[in-house]
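Okay, structure first, notes after.
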Amino acid sequence: MSGIIETAPSCLDAGEPGLLHEATALSRILAQCVRVSEAESVPLTAAHGRVLAEDVIAPLDVPPRDNSAMDGYALRLQDVSETEGTVLRLAGRALAGSPYGHALQVGECVRIMTGAPVPEGADAVVIQEQASERDGLVYLNPGHRHGQNIRRCGEDLRAGSVVLERGRRIKPADLGLIASLGIADARVFRRPRVVLFSTGDELCPLGDVPRSGQIYDSNRYSLRGLLDGHPVDTLDLGIVPDDPKRLRQVLEESTRSGDIVISTGGVSVGEADHVKRVLEELGEVSFWKIAIKPGRPLAFGTLGPGTLFFGLPGNPVAAMVTFVRFVRPALERIAGLAPRNPLTFEVPCVHALRKVPGRTEFQRGRLQPDAQGRLRVEVTGRQGSGILHSMSQADCLIVLEHDRGPVAEGEMVTVQPLPGWT
Ligand code: AMP
Ligand code: MG
(Lines give C-alpha, C1' and ligand atoms only; values in the text may rest on other atoms or scores of the structure.)
(Ligands and ions follow the chains in the order given, each with its own letter.)
Protein backbone atom coordinates (compact mmCIF):
# COMPACT_ATOMS: atom_id res chain seq x y z
CA MET A 1 0.00 0.00 0.00
CA SER A 2 1.30 3.47 -0.74
CA GLY A 3 2.23 5.90 1.96
CA ILE A 4 -0.46 8.21 0.66
CA ILE A 5 -3.33 6.72 2.55
CA GLU A 6 -1.59 6.17 5.88
CA THR A 7 -0.82 9.85 6.23
CA ALA A 8 -4.31 11.01 5.23
CA PRO A 9 -5.97 12.99 8.01
CA SER A 10 -9.60 12.13 8.46
CA CYS A 11 -12.49 14.56 8.65
CA LEU A 12 -13.32 14.48 12.31
CA ASP A 13 -16.47 16.53 11.82
CA ALA A 14 -17.90 14.25 9.15
CA GLY A 15 -19.49 11.97 11.68
CA GLU A 16 -17.64 9.08 10.06
CA PRO A 17 -13.99 8.33 10.69
CA GLY A 18 -11.55 7.87 7.82
CA LEU A 19 -13.19 10.26 5.38
CA LEU A 20 -10.75 12.39 3.46
CA HIS A 21 -11.42 16.11 3.01
CA GLU A 22 -11.88 16.96 -0.67
CA ALA A 23 -9.07 19.53 -0.57
CA THR A 24 -6.69 17.01 1.02
CA ALA A 25 -7.50 14.44 -1.66
CA LEU A 26 -6.91 16.99 -4.41
CA SER A 27 -3.60 18.19 -3.01
CA ARG A 28 -2.39 14.59 -2.73
CA ILE A 29 -3.37 13.95 -6.30
CA LEU A 30 -1.67 17.10 -7.57
CA ALA A 31 1.47 16.25 -5.62
CA GLN A 32 1.81 13.10 -7.76
CA CYS A 33 1.27 14.86 -11.10
CA VAL A 34 4.36 15.33 -13.24
CA ARG A 35 4.11 17.45 -16.35
CA VAL A 36 4.96 15.72 -19.63
CA SER A 37 8.44 16.78 -20.65
CA GLU A 38 8.33 16.24 -24.42
CA ALA A 39 7.44 19.14 -26.68
CA GLU A 40 6.66 19.30 -30.39
CA SER A 41 6.13 21.95 -33.05
CA VAL A 42 2.70 22.02 -34.66
CA PRO A 43 1.34 24.29 -37.40
CA LEU A 44 -0.93 27.01 -36.04
CA THR A 45 -3.95 25.37 -37.68
CA ALA A 46 -3.44 22.39 -35.36
CA ALA A 47 -2.49 24.37 -32.25
CA HIS A 48 -5.89 25.35 -30.88
CA GLY A 49 -6.33 24.00 -27.34
CA ARG A 50 -2.72 22.86 -27.06
CA VAL A 51 -0.44 23.98 -24.21
CA LEU A 52 2.49 26.26 -24.99
CA ALA A 53 5.83 24.68 -24.09
CA GLU A 54 7.71 27.96 -24.59
CA ASP A 55 6.99 31.65 -24.18
CA VAL A 56 6.01 33.34 -27.43
CA ILE A 57 8.25 36.37 -27.88
CA ALA A 58 7.37 39.02 -30.45
CA PRO A 59 10.01 39.16 -33.22
CA LEU A 60 8.50 42.43 -34.49
CA ASP A 61 6.19 45.29 -33.60
CA VAL A 62 2.47 44.89 -34.33
CA PRO A 63 1.35 46.93 -36.11
CA PRO A 64 4.70 47.19 -37.87
CA ARG A 65 4.18 50.92 -38.63
CA ASP A 66 1.78 53.79 -37.90
CA ASN A 67 -1.38 53.29 -39.94
CA SER A 68 -4.78 54.83 -40.31
CA ALA A 69 -7.68 53.63 -38.15
CA MET A 70 -10.26 55.23 -40.46
CA ASP A 71 -10.94 56.26 -44.04
CA GLY A 72 -10.11 59.99 -44.38
CA TYR A 73 -7.23 62.40 -44.97
CA ALA A 74 -3.74 62.29 -43.46
CA LEU A 75 -2.33 65.75 -42.78
CA ARG A 76 0.13 67.88 -40.78
CA LEU A 77 -1.71 69.53 -37.87
CA GLN A 78 0.53 72.59 -38.13
CA ASP A 79 -1.09 73.31 -41.53
CA VAL A 80 -4.61 73.31 -40.02
CA SER A 81 -6.15 76.34 -38.33
CA GLU A 82 -7.39 75.75 -34.80
CA THR A 83 -10.20 78.27 -35.07
CA GLU A 84 -11.46 78.40 -38.64
CA GLY A 85 -11.77 76.26 -41.79
CA THR A 86 -8.66 75.16 -43.74
CA VAL A 87 -8.08 74.18 -47.36
CA LEU A 88 -5.32 71.66 -48.19
CA ARG A 89 -4.01 70.41 -51.49
CA LEU A 90 -4.68 66.70 -52.20
CA ALA A 91 -1.25 65.24 -52.98
CA GLY A 92 -2.12 61.56 -53.52
CA ARG A 93 -3.57 58.38 -52.05
CA ALA A 94 -2.49 55.80 -49.50
CA LEU A 95 -4.23 52.41 -49.49
CA ALA A 96 -3.75 49.39 -47.22
CA GLY A 97 -0.94 47.54 -48.99
CA SER A 98 -0.13 50.51 -51.22
CA PRO A 99 1.62 53.34 -49.35
CA TYR A 100 1.82 56.94 -50.55
CA GLY A 101 5.59 56.72 -50.55
CA HIS A 102 6.58 60.38 -50.00
CA ALA A 103 6.79 62.82 -47.11
CA LEU A 104 3.94 65.32 -46.80
CA GLN A 105 4.90 68.86 -47.81
CA VAL A 106 3.54 72.15 -46.41
CA GLY A 107 -0.19 72.54 -47.11
CA GLU A 108 -0.65 69.01 -48.43
CA CYS A 109 -2.88 66.14 -47.39
CA VAL A 110 -3.27 62.57 -48.64
CA ARG A 111 -6.44 60.53 -49.12
CA ILE A 112 -5.93 57.56 -46.79
CA MET A 113 -7.85 54.33 -46.22
CA THR A 114 -8.09 52.17 -43.09
CA GLY A 115 -4.90 50.18 -42.53
CA ALA A 116 -2.79 52.24 -44.94
CA PRO A 117 0.60 53.41 -43.62
CA VAL A 118 0.49 57.03 -42.46
CA PRO A 119 2.80 59.08 -44.75
CA GLU A 120 5.94 60.58 -43.27
CA GLY A 121 5.24 64.00 -41.74
CA ALA A 122 1.52 63.38 -41.17
CA ASP A 123 0.42 63.50 -37.53
CA ALA A 124 -3.37 63.18 -37.72
CA VAL A 125 -6.09 61.61 -39.84
CA VAL A 126 -9.34 63.52 -40.31
CA ILE A 127 -12.23 61.19 -41.08
CA GLN A 128 -13.87 61.65 -44.46
CA GLU A 129 -17.20 62.67 -42.85
CA GLN A 130 -15.47 65.80 -41.47
CA ALA A 131 -13.96 66.88 -44.80
CA SER A 132 -15.08 67.59 -48.34
CA GLU A 133 -13.07 67.20 -51.50
CA ARG A 134 -13.46 69.31 -54.69
CA ASP A 135 -11.12 69.94 -57.65
CA GLY A 136 -8.02 68.56 -55.95
CA LEU A 137 -8.64 70.51 -52.75
CA VAL A 138 -9.80 69.29 -49.34
CA TYR A 139 -11.92 71.54 -47.07
CA LEU A 140 -11.72 70.93 -43.32
CA ASN A 141 -13.40 72.23 -40.18
CA PRO A 142 -11.23 73.19 -37.16
CA GLY A 143 -10.89 71.04 -34.00
CA HIS A 144 -8.43 68.20 -34.57
CA ARG A 145 -6.01 66.49 -32.20
CA HIS A 146 -2.45 65.24 -32.57
CA GLY A 147 -2.41 61.50 -33.37
CA GLN A 148 -6.14 61.19 -33.91
CA ASN A 149 -7.28 58.11 -35.85
CA ILE A 150 -3.73 56.80 -36.08
CA ARG A 151 -2.89 53.26 -34.85
CA ARG A 152 0.65 53.47 -33.54
CA CYS A 153 3.52 51.16 -34.45
CA GLY A 154 3.77 48.48 -31.70
CA GLU A 155 0.59 49.56 -29.89
CA ASP A 156 -0.69 45.94 -29.94
CA LEU A 157 2.60 44.04 -29.45
CA ARG A 158 6.13 45.33 -28.87
CA ALA A 159 9.11 43.57 -30.46
CA GLY A 160 10.98 41.58 -27.80
CA SER A 161 8.07 41.36 -25.35
CA VAL A 162 6.62 38.09 -24.01
CA VAL A 163 3.28 37.88 -25.74
CA LEU A 164 2.06 34.50 -24.40
CA GLU A 165 3.54 32.50 -21.56
CA ARG A 166 4.54 28.87 -21.45
CA GLY A 167 1.81 26.81 -19.79
CA ARG A 168 -0.97 28.69 -21.52
CA ARG A 169 -3.72 26.83 -23.33
CA ILE A 170 -3.96 28.32 -26.81
CA LYS A 171 -7.25 30.11 -27.46
CA PRO A 172 -8.65 31.31 -30.81
CA ALA A 173 -7.44 34.90 -30.23
CA ASP A 174 -3.97 33.54 -29.36
CA LEU A 175 -3.80 31.85 -32.75
CA GLY A 176 -4.46 35.20 -34.42
CA LEU A 177 -1.96 36.91 -32.15
CA ILE A 178 0.79 34.41 -33.00
CA ALA A 179 -0.07 34.70 -36.72
CA SER A 180 0.12 38.51 -36.50
CA LEU A 181 3.76 38.04 -35.53
CA GLY A 182 4.46 36.01 -38.66
CA ILE A 183 5.02 32.82 -36.63
CA ALA A 184 3.68 29.73 -38.44
CA ASP A 185 4.22 27.00 -35.82
CA ALA A 186 3.67 26.72 -32.08
CA ARG A 187 5.92 24.83 -29.72
CA VAL A 188 3.57 22.81 -27.53
CA PHE A 189 3.76 20.01 -24.97
CA ARG A 190 3.01 16.50 -26.13
CA ARG A 191 -0.59 15.55 -25.40
CA PRO A 192 -0.80 13.20 -22.41
CA ARG A 193 -2.16 9.75 -23.29
CA VAL A 194 -5.29 8.75 -21.40
CA VAL A 195 -6.51 5.17 -21.26
CA LEU A 196 -10.19 4.80 -20.44
CA PHE A 197 -12.37 1.82 -19.63
CA SER A 198 -15.51 0.88 -17.75
CA THR A 199 -15.72 -2.07 -15.37
CA GLY A 200 -18.77 -4.11 -14.50
CA ASP A 201 -20.34 -7.44 -15.45
CA GLU A 202 -23.67 -5.66 -15.75
CA LEU A 203 -22.51 -3.37 -18.56
CA CYS A 204 -23.72 -3.85 -22.09
CA PRO A 205 -21.96 -2.15 -25.02
CA LEU A 206 -24.01 -0.02 -27.39
CA GLY A 207 -25.27 -2.07 -30.31
CA ASP A 208 -25.72 -5.25 -28.23
CA VAL A 209 -29.02 -6.40 -26.75
CA PRO A 210 -28.79 -6.25 -22.93
CA ARG A 211 -29.12 -9.57 -21.16
CA SER A 212 -31.32 -9.80 -18.11
CA GLY A 213 -29.94 -7.48 -15.42
CA GLN A 214 -27.67 -5.60 -17.82
CA ILE A 215 -27.59 -1.86 -18.38
CA TYR A 216 -25.90 0.12 -21.12
CA ASP A 217 -22.45 1.50 -20.38
CA SER A 218 -22.99 5.28 -20.27
CA ASN A 219 -19.96 6.40 -18.26
CA ARG A 220 -17.48 5.99 -21.07
CA TYR A 221 -19.51 8.34 -23.20
CA SER A 222 -19.87 11.13 -20.66
CA LEU A 223 -16.19 10.78 -19.81
CA ARG A 224 -15.19 10.85 -23.47
CA GLY A 225 -17.16 14.09 -23.71
CA LEU A 226 -15.35 15.52 -20.69
CA LEU A 227 -11.98 14.41 -22.05
CA ASP A 228 -12.71 16.04 -25.40
CA GLY A 229 -12.29 19.41 -23.75
CA HIS A 230 -8.65 18.63 -22.86
CA PRO A 231 -5.41 18.44 -24.81
CA VAL A 232 -5.11 14.66 -24.41
CA ASP A 233 -5.09 11.60 -26.68
CA THR A 234 -7.62 9.05 -25.48
CA LEU A 235 -7.42 5.30 -25.92
CA ASP A 236 -10.83 3.76 -25.14
CA LEU A 237 -10.58 0.10 -24.14
CA GLY A 238 -14.31 -0.43 -23.77
CA ILE A 239 -15.87 -2.57 -21.04
CA VAL A 240 -13.82 -4.79 -18.76
CA PRO A 241 -15.73 -7.49 -16.84
CA ASP A 242 -15.40 -7.89 -13.06
CA ASP A 243 -12.74 -10.53 -13.59
CA PRO A 244 -9.36 -10.10 -11.88
CA LYS A 245 -7.40 -11.83 -14.64
CA ARG A 246 -8.87 -9.70 -17.40
CA LEU A 247 -8.53 -6.57 -15.27
CA ARG A 248 -4.90 -7.34 -14.66
CA GLN A 249 -4.24 -7.75 -18.38
CA VAL A 250 -5.99 -4.50 -19.19
CA LEU A 251 -4.14 -2.59 -16.48
CA GLU A 252 -0.79 -3.93 -17.61
CA GLU A 253 -1.53 -2.91 -21.17
CA SER A 254 -2.76 0.52 -19.98
CA THR A 255 0.40 1.12 -18.01
CA ARG A 256 2.48 0.54 -21.12
CA SER A 257 0.53 2.99 -23.26
CA GLY A 258 -0.89 5.60 -20.91
CA ASP A 259 0.22 8.51 -18.78
CA ILE A 260 -3.15 8.39 -17.05
CA VAL A 261 -5.53 5.45 -16.68
CA ILE A 262 -9.17 6.18 -15.86
CA SER A 263 -11.66 3.47 -15.02
CA THR A 264 -15.16 3.63 -13.62
CA GLY A 265 -16.88 1.23 -11.26
CA GLY A 266 -15.69 -1.41 -8.87
CA VAL A 267 -14.10 0.85 -6.27
CA SER A 268 -16.77 0.75 -3.58
CA VAL A 269 -16.42 -1.55 -0.61
CA GLY A 270 -17.80 -5.03 -1.13
CA GLU A 271 -17.22 -5.61 -4.80
CA ALA A 272 -13.86 -3.90 -4.89
CA ASP A 273 -11.78 -6.58 -3.27
CA HIS A 274 -10.35 -8.14 -6.40
CA VAL A 275 -9.87 -4.77 -8.09
CA LYS A 276 -8.04 -3.67 -5.00
CA ARG A 277 -5.84 -6.75 -4.97
CA VAL A 278 -4.94 -6.42 -8.65
CA LEU A 279 -4.15 -2.74 -8.22
CA GLU A 280 -2.00 -3.41 -5.19
CA GLU A 281 -0.04 -5.98 -7.13
CA LEU A 282 0.55 -3.65 -10.05
CA GLY A 283 1.27 -0.38 -8.31
CA GLU A 284 0.67 1.86 -5.37
CA VAL A 285 -3.00 2.61 -5.33
CA SER A 286 -5.03 3.92 -2.40
CA PHE A 287 -8.75 3.47 -1.96
CA TRP A 288 -10.12 6.65 -0.55
CA LYS A 289 -13.44 7.47 0.97
CA ILE A 290 -13.73 11.14 0.31
CA ALA A 291 -16.05 13.46 2.22
CA ILE A 292 -18.02 14.44 -0.85
CA LYS A 293 -21.46 13.72 -2.24
CA PRO A 294 -21.83 12.34 -4.83
CA GLY A 295 -18.62 10.46 -5.48
CA ARG A 296 -17.35 9.19 -2.18
CA PRO A 297 -15.23 6.20 -3.25
CA LEU A 298 -12.18 6.94 -5.37
CA ALA A 299 -9.09 4.89 -6.07
CA PHE A 300 -5.96 6.84 -6.86
CA GLY A 301 -2.29 6.06 -7.21
CA THR A 302 0.43 5.00 -9.60
CA LEU A 303 0.66 1.96 -11.85
CA GLY A 304 4.27 1.34 -12.68
CA PRO A 305 6.57 4.32 -13.18
CA GLY A 306 4.94 7.40 -14.62
CA THR A 307 1.35 6.20 -14.95
CA LEU A 308 -1.36 7.62 -12.72
CA PHE A 309 -4.51 5.69 -12.02
CA PHE A 310 -7.96 7.06 -11.24
CA GLY A 311 -10.62 4.53 -10.33
CA LEU A 312 -13.79 6.61 -10.46
CA PRO A 313 -17.05 5.49 -8.91
CA GLY A 314 -19.51 3.71 -11.20
CA ASN A 315 -22.53 5.87 -10.50
CA PRO A 316 -22.86 8.04 -13.61
CA VAL A 317 -23.08 11.42 -11.87
CA ALA A 318 -20.43 10.52 -9.31
CA ALA A 319 -18.09 9.54 -12.16
CA MET A 320 -18.57 12.94 -13.81
CA VAL A 321 -18.27 14.96 -10.59
CA THR A 322 -15.07 13.19 -9.54
CA PHE A 323 -13.69 13.75 -13.03
CA VAL A 324 -14.42 17.49 -12.84
CA ARG A 325 -13.08 17.90 -9.31
CA PHE A 326 -10.05 15.56 -9.33
CA VAL A 327 -9.13 14.23 -12.76
CA ARG A 328 -9.41 17.50 -14.61
CA PRO A 329 -6.95 19.46 -12.43
CA ALA A 330 -4.57 16.49 -12.65
CA LEU A 331 -4.85 16.32 -16.43
CA GLU A 332 -4.18 20.04 -16.67
CA ARG A 333 -1.07 19.72 -14.51
CA ILE A 334 0.25 16.76 -16.52
CA ALA A 335 -0.54 18.48 -19.83
CA GLY A 336 1.68 21.40 -18.73
CA LEU A 337 -0.95 24.02 -17.97
CA ALA A 338 0.04 26.66 -15.47
CA PRO A 339 -1.72 25.85 -12.14
CA ARG A 340 -5.02 27.66 -11.74
CA ASN A 341 -8.13 27.42 -9.63
CA PRO A 342 -11.30 26.35 -11.41
CA LEU A 343 -13.62 29.20 -12.33
CA THR A 344 -16.26 29.60 -9.62
CA PHE A 345 -18.52 32.46 -8.67
CA GLU A 346 -21.34 33.22 -6.28
CA VAL A 347 -24.99 33.62 -7.16
CA PRO A 348 -28.21 33.50 -5.14
CA CYS A 349 -29.85 30.08 -4.97
CA VAL A 350 -33.53 30.00 -5.90
CA HIS A 351 -34.34 27.18 -3.45
CA ALA A 352 -33.55 26.23 0.11
CA LEU A 353 -31.11 23.27 0.11
CA ARG A 354 -30.45 20.61 2.70
CA LYS A 355 -26.81 20.21 3.66
CA VAL A 356 -24.91 18.76 6.59
CA PRO A 357 -21.52 20.17 7.62
CA GLY A 358 -18.67 17.69 7.29
CA ARG A 359 -18.60 16.95 3.58
CA THR A 360 -18.54 18.87 0.31
CA GLU A 361 -21.77 18.42 -1.60
CA PHE A 362 -22.50 19.08 -5.25
CA GLN A 363 -25.94 19.76 -6.63
CA ARG A 364 -26.68 20.02 -10.31
CA GLY A 365 -27.64 23.61 -11.12
CA ARG A 366 -28.87 25.73 -13.96
CA LEU A 367 -28.00 29.42 -14.16
CA GLN A 368 -30.98 31.59 -15.03
CA PRO A 369 -31.28 35.38 -15.16
CA ASP A 370 -34.04 36.96 -13.04
CA ALA A 371 -36.33 39.71 -14.38
CA GLN A 372 -33.50 42.26 -13.94
CA GLY A 373 -31.04 40.05 -15.82
CA ARG A 374 -29.10 39.04 -12.68
CA LEU A 375 -27.94 35.43 -12.63
CA ARG A 376 -29.21 33.01 -10.03
CA VAL A 377 -29.08 29.25 -9.83
CA GLU A 378 -31.80 26.63 -9.58
CA VAL A 379 -31.50 22.91 -9.01
CA THR A 380 -32.26 20.83 -12.11
CA GLY A 381 -34.22 17.99 -10.58
CA ARG A 382 -33.69 14.78 -8.63
CA GLN A 383 -30.18 14.57 -7.32
CA GLY A 384 -29.52 10.81 -6.93
CA SER A 385 -26.01 9.91 -8.07
CA GLY A 386 -27.47 7.66 -10.78
CA ILE A 387 -29.81 10.36 -12.18
CA LEU A 388 -27.94 11.48 -15.27
CA HIS A 389 -30.91 13.41 -16.61
CA SER A 390 -30.54 16.19 -14.02
CA MET A 391 -26.81 16.34 -14.86
CA SER A 392 -27.67 16.73 -18.52
CA GLN A 393 -30.03 19.59 -17.63
CA ALA A 394 -27.32 21.29 -15.56
CA ASP A 395 -24.84 23.89 -16.70
CA CYS A 396 -23.04 24.15 -13.37
CA LEU A 397 -22.32 22.38 -10.12
CA ILE A 398 -23.58 24.11 -6.99
CA VAL A 399 -20.64 23.62 -4.62
CA LEU A 400 -21.76 23.41 -0.99
CA GLU A 401 -18.54 23.73 0.95
CA HIS A 402 -17.35 21.21 3.54
CA ASP A 403 -18.25 23.21 6.64
CA ARG A 404 -21.44 24.69 5.32
CA GLY A 405 -24.88 23.87 6.75
CA PRO A 406 -28.28 24.21 5.06
CA VAL A 407 -28.88 26.92 2.45
CA ALA A 408 -31.84 29.28 2.85
CA GLU A 409 -33.85 30.40 -0.16
CA GLY A 410 -32.06 33.32 -1.85
CA GLU A 411 -28.75 32.70 -0.05
CA MET A 412 -25.53 33.03 -2.03
CA VAL A 413 -23.92 29.78 -3.17
CA THR A 414 -20.75 28.97 -5.11
CA VAL A 415 -21.21 27.59 -8.60
CA GLN A 416 -18.68 25.95 -10.89
CA PRO A 417 -19.63 26.02 -14.57
CA LEU A 418 -19.59 22.60 -16.22
CA PRO A 419 -17.80 21.98 -19.50
CA GLY A 420 -20.08 22.92 -22.38
CA TRP A 421 -22.10 25.42 -20.31
CA THR A 422 -22.14 28.17 -22.93
P1 AMP B 1 -19.98 0.41 -8.87
O2 AMP B 1 -19.20 1.65 -8.57
O3 AMP B 1 -19.29 -0.52 -9.79
O4 AMP B 1 -20.44 -0.24 -7.61
O5 AMP B 1 -21.28 0.90 -9.62
C6 AMP B 1 -22.20 1.75 -8.98
C7 AMP B 1 -23.45 1.87 -9.84
O8 AMP B 1 -23.11 2.49 -11.07
C9 AMP B 1 -24.10 0.54 -10.19
O10 AMP B 1 -25.49 0.74 -10.18
C11 AMP B 1 -23.59 0.30 -11.58
O12 AMP B 1 -24.44 -0.54 -12.32
C13 AMP B 1 -23.51 1.67 -12.16
N14 AMP B 1 -22.50 1.74 -13.19
C15 AMP B 1 -21.23 1.30 -13.08
N16 AMP B 1 -20.54 1.49 -14.21
C17 AMP B 1 -21.41 2.08 -15.07
C18 AMP B 1 -21.29 2.53 -16.41
N19 AMP B 1 -20.14 2.43 -17.07
N20 AMP B 1 -22.37 3.10 -16.99
C21 AMP B 1 -23.53 3.21 -16.31
N22 AMP B 1 -23.69 2.82 -15.05
C23 AMP B 1 -22.65 2.24 -14.43
MG1 MG C 1 -19.41 -2.41 -10.61
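Counting starts at 1 for both ligands and their atoms, following the listed order. In this chain, numbering begins with 1 at the start of the sequence shown. Atom set for the values below is all heavy atoms of this structure, side chains included, hydrogens, waters and symmetry mates excluded. For clarity, every value in this text was computed on a predicted model and none was experimentally measured.
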Name every donor-acceptor pair, under 3.5 Å, that has one atom in a side chain of residues 178-185 and the other anywhere in the protein, sequence neighbours excluded.
| from | atom 1 | to | atom 2 | distance (Å) |
| --- | --- | --- | --- | --- |
| Ser180 | OG | Leu177 | O | 2.7 |

- request: Between Ser218 and ligand 1, find which residue part has any heavy-atom pair under 4.0 Å and reply side chain, backbone, both or neither.
  value: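 Both backbone and side chain.
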
- prompt: Does ligand 1 have a heavy atom under 4.0 Å from the side chain of Ile239, from its backbone, from both, or from neither?
  reply: neither

Taking the basic N atoms (NZ, or NE/NH1/NH2) and the acidic carboxylate oxygens, is any pair closer than 4.0 Å for [X] and [Y]?
X: Glu40; Y: Arg50; value: yes
X: Lys293; Y: Glu22; value: no
X: Asp174; Y: Lys171; value: no
X: Glu165; Y: Arg168; value: no

field: Residue selection (non-hydrogen contact nearest atom 15 (C) of ligand 1) among Pro316, Cys204, Ala318, Gly314
entry: Gly314

- prompt: For Ser198 and Asn219, does a side-chain donor sit closer than 3.5 Å to a side-chain acceptor?
  reply: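 Ser198 vs Asn219: no donor-acceptor pair found between side chains.
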
message: For Gly266, state whether at least one heavy atom is located under 4.0 Å from any atom of ligand 1.
response: yes

message: Under 4.0 Å from a heavy atom of Ser198: which atoms of ligand 1 are those, numbered in the order shown and with their elements?
response: 19 (N)

- prompt: Which ligand 1 atoms does Asp217 reach within 4.0 Å, using its non-hydrogen atoms?
  reply: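 By the 4.0 Å cutoff, the relevant atoms are 18 (C), 19 (N), 20 (N).
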
- prompt: Is the shortest N/O to N/O distance between Arg220 and ligand 1 below 3.5 Å?
  reply: no

